Enquirer: 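Following this message is one structure expressed as structure tokens.
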Amino acid sequence: MAAPGALLVMGVSGSGKSTVGALLASELGWKFYDADDYHPEENRKKMGKGIPLNDQDRIPWLCNLHDILLRDVASGQHVVLACSALKKMYRDILTQGKDGAALKCEELGKEAKRAEMQLLVVHLSGSFEVISGRLLKRKGHFMPPELLQSQFETLEPPAAPENFIQISVDKNVSEIIATIMETLKMK
């Protein structure tokens, strides 16, 4: 397998995606995107009211992120994306476009070239208790701690044949970064 053009740092809310992703991008000299910055206002309001997002809420958001990743990777830019990407279907949209069609989301229904990219998925995993404790300390985020259980219920951890590593959030951030860097050296 060739070195990935993009890294996806995924996990439930409070797993440390944004922190790990930003530090990793800085270390690698890659561009960093935090998927939370791209949520439409309707999604933010819904979560703010304690209502979990459904597939219909997430798919347009994921298509937008796919198009951003594809644009950057196609231009030779390596990217780190921090995104919950809780279901395999969501990760497939990030790499292949809507419904795994391998078309840019904006080009659905038209003839288009394959729009798939190499992606290494970094799954930050931890227990409900540990991550819940983190969320309770977090201030000013639109995702309330009450929605964490719905994220754990939605979570489909990566599995073969996905290109992934799983790292425990019980490790400190520098250990997590070192593990990811070591994995990249082997790719």
Side-chain angles (χ1 to χ4, degrees), residues 6-22 24-25 32-70 79-101 103-106 108 119-160 162-171 173 176:
L7 284 172
L8 167 64
V9 181
M10 66 154 291
V12 297
S13 185
S15 60
K17 301 178 296 290
S18 299
T19 300
V20 169
L24 187 60
F32 174 68
Y33 291 101
D34 189 331
D36 283 349
D37 296 340
Y38 295 86
H39 266 299
E41 193 56 35
E42 312 84 74
N43 286 7
R44 290 174 179 268
K45 285 179 182 173
K46 190 172 182 179
M47 287 183 281
K49 292 176 184 172
I51 303 168
L53 298 180
N54 59 35
D55 290 352
Q56 290 72 29
D57 298 320
R58 289 185 177 112
I59 289 172
W61 168 66
L62 292 163
C63 280
N64 183 38
L65 292 168
H66 164 78
D67 291 345
I68 291 167
L69 289 175
L70 187 64
V79 178
V80 176
L81 171 67
C83 178
S84 54
L86 298 172
K87 291 183 178 181
K88 181 178 185 318
M89 175 182 81
Y90 301 164
R91 297 186 294 276
D92 288 346
I93 290 170
L94 288 172
T95 58
Q96 303 168 20
K98 188 172 185 312
D99 300 326
L103 301 175
K104 285 183 70 177
C105 290
E106 64 192 35
L108 287 175
L119 180 76
L120 173 63
V121 177
V122 177
H123 177 207
L124 300 179
S125 65
S127 70
F128 180 86
E129 294 72 26
V130 167
I131 294 174
S132 178
R134 289 178 170 193
L135 281 180
L136 291 171
K137 295 175 190 165
R138 186 162 74 177
K139 303 289 181 230
H141 196 276
F142 59 84
M143 172 73 178
E146 300 79 44
L147 289 180
L148 182 60
Q149 185 60 46
S150 73
Q151 291 217 324
F152 270 94
E153 290 166 2
T154 302
L155 179 64
E156 295 172 4
E162 289 181 271
N163 182 28
F164 75 98
I165 59 172
Q166 182 170 307
I167 304 174
S168 172
V169 299
D170 294 332
K171 294 183 178 210
V173 173
I176 292 171

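Along the sequence shown, residues carry numbers from 1. What you see is a predicted model; the values in this text were computed from it and never measured.
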Enquirer: Is the backbone of D36 close enough, under 3.5 Å, to the side chain of W61 for a donor and an acceptor to pair up by distance?
Expert: no
Enquirer: Can you name the closest pair of heavy atoms from S13 and L148 and give their distance?
Expert: O-CD1, 3.5 Å
Enquirer: Side chains of V9 and V80, heavy atoms from C-beta outward: is any pair under 4.5 Å?
Expert: yes
Enquirer: Would you say L65 and D67 make side-chain contact, with heavy atoms under 4.5 Å?
Expert: no
Enquirer: Just do the side chain to side chain contact (heavy atoms under 4.5 Å, CB included) check on D170 and V130 with the steps written out, would you?
Expert: CA-CA 8 Å; D170 294 332; V130 167; 3.9 Å; yes
Enquirer: Can a donor-acceptor pair be found, under 3.5 Å and without considering hydrogens, that links the side chain of K17 to the backbone of G11?
Expert: yes
Enquirer: For the residue pair I131 and F152, establish whether any side-chain heavy-atom pair is separated by less than 4.5 Å.
Expert: yes
Enquirer: I'd like to check L81 versus L7 (side-chain heavy atoms, cut-off strictly below 4.5 Å). Are they in contact?
Expert: no
Enquirer: Kindly write out the residues that satisfy salt bridge (charged side-chain N to carboxylate O under 4.0 Å, His left out) with R58, not counting sequence neighbours, or none if the list is empty.
Expert: none
Enquirer: For L8, is there any backbone N or O sitting under 3.5 Å from a side-chain donor or acceptor partner on R91?
Expert: no
Enquirer: So, do I93 and C63 sit near enough that their side-chain heavy atoms are less than 4.5 Å apart?
Expert: yes
Enquirer: Within the distance-only criterion (no hydrogens, no angle test), does the side chain of D57 pair as donor or acceptor with the backbone N or O of N54 below 3.5 angstrom?
Expert: yes
Enquirer: Without swapping roles, check the side chain of S15 against the backbone of V12 for a donor-acceptor pair under 3.5 Å.
Expert: yes
Enquirer: Using side-chain heavy atoms (C-beta onward) and a distance below 4.5 Å, is P52 in contact with M47?
Expert: no
Enquirer: If the condition is side chain to side chain donor-acceptor pair (under 3.5 Å), which residues does D55 pass it with, not counting sequence neighbours?
Expert: K87, Y90
Enquirer: Show your reasoning for whether side chain to side chain contact (heavy atoms under 4.5 Å, CB included) applies to L62 and N64.
Expert: CA-CA 5 Å; L62 292 163; N64 183 38; over 6 Å; no
Enquirer: Please tell me if the side chains of V169 and R134 come closer than 4.5 Å, counting only heavy atoms from C-beta onward.
Expert: yes
Enquirer: Check this for me, if you would: do E162 and K88 make a salt bridge, where the nitrogen-to-carboxylate-oxygen distance has to be below 4.0 angstrom?
Expert: no
Enquirer: When you compare the side chain of H123 with that of I167, does any pair of heavy atoms fall below 4.5 Å?
Expert: no
